[in-house]
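Since the model is a prediction, treat every value here as computed from it, not as a measurement. Residue numbers start from 1 in every chain, and the chains themselves are labelled A, B, ... in the order their sequence lines are given, proteins ahead of strands.
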Amino acid sequence: MNEKSAYDILYERGFVEQITDEEPIRRLLKDETVTCYIGFDPTAASLHIGSLVPIMSLMHMQRCGHRVIALVGGGTALIGDPSGKTEMRRIMTRDEIDGNAEAIKKQLSQYINFEEGKALLLNNADWLAQLNYVEFLRDIGRCFSVNRMLAAESYKMRLEKGLNFIEFNYMLLQSYDFYYLSKHYDCVLQMGGNDQWGNIVAGIDLTRRLEEKKIYGMTFPLLVTSQGHKMGKTEKGTVWLEAELTSPYDYFQYWINTEDADVGKFLALFSLLPMEEIEESGKLMDSELNMAKAVLAFEATRITHGEDAAVAAWGAAVNNFGLRPVRPDLFPSSTIPRTNATDASAIPTVEKARGELGEGISAFELFHDAGLCKSRGEARRLITQGGAYVNGRQVTVFDEKIGNDDAEDGVIRLRKGKKQHVLIRVV
RNA sequence: GGAGGGGUUCCCGAGUGGUCAAAGGGAGCAGACUGUAAAUCUGCCGGCGAAGCCUACGGAGGUUCAAAUCCUCCCCCCUCCA
């Protein structure tokens, strides 16, 4: 059904930054079923938006019939990848890493079908943790030239600030991973962020020296917004893929706030919509672009949190921001609702006991309790500066009492600034 | 191992006895302008309901009415020498 090869798809959607050999890779992905892998770092209990490009690339590979390996770096996390970092990372304990690795495995299953050998989920701790140091040095270490390693871009930055031996070894371990996967799982392609280029190429060299086997590498662009801001940070911090950490509502809001110049690029990378539809939307100008942003937000939320959560997040956006329906001729493949129906249940809601509100609570306390402000002081400042609203009315006195009388249908609507809404449900 | 230089609030970075909750920049928040965009301008930007108090300048002690600043020991990083 699909004439395009995985390479064509990745290329046209903007996934490809560097590749080791264009022609062979193009052919391979077109004519054969290949096994490819990407490593994920278990340094936190959840992946975040920064991992989404790799995840989406694996989805595309799988949809094209290739076998994908998601490698959780339980072993390499014990070392800490220095690539692209200015500071050494905190060394994590074995338990922390194992716990995170488990959580990440579960998360990846939302995007990739691991049934019946269509995809594999491996943990490199399974082979790295039992390596024998002297043997490793003799078999693997001898294949690495320190001179070449020092020349690698990934170490440059650290050579100025300092790099210690444990981190210097990271490249050997990741190279060994690739070698190991190529040997035991017939993996021929490693993909990763562009900061992984050095590590990937080193793995290719190692495998060639040990096995005389040719394998390949591809890297993705490291995304910053068109304004140069880093991806995945908002007023609430990192945008996680885990619903417990970043709600589908916030996740949707993150995407709908995409800068104009990034909408097309992000639709290609973070939705599965056909490129023709995405290109068509490129004609949208000015505020019409908000329709494309809505579709981006909806599709991205759908992929990560499911259709129902996406619809709910959309409904909340309609309710809070007067988001208008997307024209029917745009993005026909998207399942975004085209109606005006408004289910606002996804708006963040905090419950308060009727009794607690009996005497009325000072506005600044309420904003703090609702989680809109990190401290009471911040809430006071917010009110003083005129950024606090109750039921759409600006609060001007910081200790104005808010009580049961302010509830409309059992709900008090709080708003911080223009964008952040929380409902207080009186129970 | 020796000599020198460093570790400051979310990040970068100034501060070498009181006027320091700590210059400046970035990030962030709010206001104006807008399209839930960007840019720009303005205000805010440790905690506690104010005075004041508490917490904070790598760690532990000490000197002093008073310490981010002085002394001692320790930890970590960088540069040069070995």
Side-chain angles (χ1 to χ4, degrees), chain A residues 82 85-91 157-167 224-239 249-267 281-282 284-298 300-301 313-326 344 346-348 359-389 394-402 414-422:
Chain A
K85 308 208 168 45
T86 44
E87 293 292 328
M88 182 174 163
R89 289 197 216 174
R90 186 174 66 90
I91 302 252
M157 202 189 312
R158 292 302 302 275
L159 283 174
E160 286 163 25
K161 286 286 273 186
L163 176 72
N164 64 21
F165 192 65
I166 185 172
E167 297 174 289
V224 285
T225 72
S226 60
Q227 296 302 316
H229 298 151
K230 44 186 179 228
M231 289 275 299
K233 298 286 180 192
T234 67
E235 53 276 359
K236 288 177 184 157
T238 305
V239 180
Y249 170 85
D250 286 325
Y251 194 79
F252 185 99
Q253 286 298 316
Y254 174 79
W255 289 108
I256 205 164
N257 279 305
T258 295
E259 292 166 19
D260 284 7
D262 292 323
V263 179
K265 182 166 91 180
F266 286 3
L267 277 165
S281 74
L284 295 172
M285 299 299 287
D286 303 324
S287 62
E288 279 194 324
L289 262 173
N290 288 343
M291 289 190 283
K293 290 184 189 180
V295 170
L296 168 63
F298 180 85
T301 306
W314 167 83
V318 170
N319 202 284
N320 271 350
F321 298 101
L323 182 65
R324 276 167 302 169
V326 176
I347 299 174
E359 302 286 309
I361 296 181
S362 293
F364 73 99
E365 288 184 65
L366 196 59
F367 274 80
H368 176 241
D369 293 353
L372 282 168
C373 298
K374 285 197 280 293
S375 67
R376 296 179 170 201
E378 187 182 312
R380 296 174 64 123
R381 273 176 245 129
L382 175 74
I383 294 169
T384 307
Q385 294 182 122
Y389 299 81
Q394 191 177 51
V395 180
T396 49
V397 181
F398 79 90
D399 59 353
E400 181 180 323
K401 294 283 188 259
I402 308 297
L414 302 187
R415 175 155 69 85
K416 174 190 180 188
K418 293 190 177 67
K419 293 189 193 174
Q420 298 185 59
H421 299 71
V422 168

Task: Identity of whatever pairs with B:C44 - Watson-Crick or G-U, under 3.5 angstrom - done: B:G28
- [ ] Using a heavy-atom cut-off of under 4.0 Å over every strand shown, decide if A:Thr384 touches base, sugar-phosphate, or nothing.
- [x] nothing
Open item on the list: Does the structure show a Watson-Crick or G-U wobble partner for B:C33, both distances under 3.5 Å? Name it, or say none.
Closed with: none
Task: Residue whose closest nucleotide on RNA chain B lies nearer the 5' end, A:Lys401 versus A:Gly386 - done: A:Gly386
Task: Pairwise P distance for B:C70 and B:C57, with rounding to whole Å - done: 15 Å
- [ ] Give the nucleotide from the list B:C29, B:U36, B:G35 with an atom nearest to the side chain of A:Asn257.
- [x] B:U36
Open item on the list: B:G49, OP1 or OP2 - any side-chain N/O from A:Ser362 closer than 4.0 Å?
Closed with: no
Open item on the list: Any salt bridge linking A:Asp260 with A:Lys293? Criterion: basic side-chain nitrogen under 4.0 Å from a carboxylate oxygen.
Closed with: yes
- [ ] To the nearest Å, give me how far apart CZ (A:Arg324) and P (B:A37) are.
- [x] 14 Å
Open item on the list: Taking only the C1' atom of each, what is the distance from B:C71 to B:A82 in whole angstrom?
Closed with: 31 Å
Task: Identified pairing partner of B:C20, criterion: Watson-Crick or G-U wobble below 3.5 Å - done: none
Task: Heavy-atom pair of closest approach, residues A:Ile383 and A:Ala388 - done: CG1-CB, 3.6 Å
Task: Flag side-chain contact, heavy atom, 4.5 Å: A:Asn319 against A:His421 - done: no
Open item on the list: Quick check on B:G35: is either OP1 or OP2 less than 4.0 Å from any side-chain nitrogen or oxygen of A:Lys418?
Closed with: no
- [ ] Kindly point out which of B:U36, B:G35, B:C44 is positioned nearest to the side chain of A:Lys419?
- [x] B:U36
Open item on the list: Without decimals, in angstroms, what is the distance between A:Glu378 CD and B:G28 C1'?
Closed with: 9 Å
TODO: State which of B:A30, B:G49, B:U36 makes the closest approach to the side chain of A:Asn290.
DONE: B:U36
TODO: Could you check which of B:G35, B:G31, B:G49 has an atom nearest any side-chain atom of A:Lys293?
DONE: B:G35
Open item on the list: Between B:G2 and B:A56, how many Å separate the two P atoms, rounded to a whole number?
Closed with: 33 Å
Open item on the list: Without decimals, in angstroms, what is the distance between A:Ile383 CD1 and B:G31 P?
Closed with: 13 Å
- [ ] Just call it for A:Ala317: base, sugar-phosphate, or nothing, with non-hydrogen atoms closer than 4.0 Å on any strand.
- [x] base
Open item on the list: How close do A:Asp262 and A:Thr258 get, counting heavy atoms only, and between which atoms?
Closed with: CB-CG2, 3.7 Å
Open item on the list: Any non-hydrogen side-chain atom of A:Asn290 less than 4.5 Å from a side-chain atom of A:Phe321?
Closed with: no
Open item on the list: If I pick the C1' atom on B:A67 and the same atom on B:A60, what distance separates them, to the nearest angstrom?
Closed with: 16 Å
TODO: Would you kindly give the NZ-to-C1' distance between A:Lys374 and B:C29, to the nearest whole Å?
DONE: 8 Å
- [ ] Output the single nucleotide from B:C44, B:A37, B:U36 whose closest atom is nearest the side chain of A:Arg381.
- [x] B:C44
Task: Interatomic distance at C1', B:U63 relative to B:G17, whole Å - done: 11 Å
Open item on the list: Work out how far the P atom of B:G7 is from that of B:C11, and round it to whole angstrom.
Closed with: 14 Å
Task: A:Glu400 side chain reached by A:Ser362 side chain, heavy atoms, under 4.5 Å - done: no
TODO: Find the distance A:Phe364:CZ to B:C44:P and express it as a whole number of Å.
DONE: 20 Å
Task: Donor-acceptor pair (no angle test) under 3.5 Å: A:Gln385 side chain, B:G31 base - done: no
Open item on the list: For A:Phe398 and A:Phe364, take the angle between the two ring planes, folded into 0 to 90°, and tell me which bin it lands in: parallel under 30, tilted 30 to 60, perpendicular over 60.
Closed with: tilted
Task: Whole-Å C1' distance, B:U9 and B:A14 - done: 13 Å
Open item on the list: Reading RNA chain B from 5' onward, which residue's closest nucleotide shows up sooner: A:Gly377 or A:Gly387?
Closed with: A:Gly387
Task: C1'-based separation of B:C76 from B:U55 [nearest Å] - done: 24 Å
TODO: Rounded to the nearest angstrom, tell me the gap between atom CG in A:Asp399 and atom C1' in B:C48.
DONE: 15 Å
Open item on the list: Nearest whole Å is fine: how far is B:U36 C1' from A:Glu259 CD?
Closed with: 13 Å
TODO: Ignoring the backbone of A:Gln420, work out which of B:C48, B:A37, B:C29 is nearest its side chain.
DONE: B:C29
Task: Phosphate OP1/OP2 of B:C44: any A:Arg380 side-chain N/O under 4.0 Å - done: no
Open item on the list: In this structure, how many angstroms lie between the P atom of B:G28 and the NZ atom of A:Lys416, rounded?
Closed with: 13 Å
Open item on the list: What contact category does A:Gln253 fall into here, base, sugar-phosphate, or nothing, at under 4.0 angstrom with non-hydrogen atoms?
Closed with: base
Open item on the list: I want to verify a distance call: between B:G49, B:U36, B:G35, whose nearest atom is closest to the A:Leu323 side chain?
Closed with: B:U36
Task: Side chain proximity check, A:Leu382 to A:Leu372, heavy atoms < 4.5 angstrom - done: no
Open item on the list: Please classify the nucleic acid contact of A:Ile256 as base, sugar-phosphate, or nothing, using heavy-atom distances under 4.0 Å.
Closed with: base
TODO: Write down the partner of B:G1 under the Watson-Crick or G-U wobble criteria, each distance required to be under 3.5 Å.
DONE: B:C81
Open item on the list: Any strand counts, and the cut-off is 3.5 Å on both contacts for Watson-Crick or G-U wobble. Which nucleotide pairs with B:A68?
Closed with: none
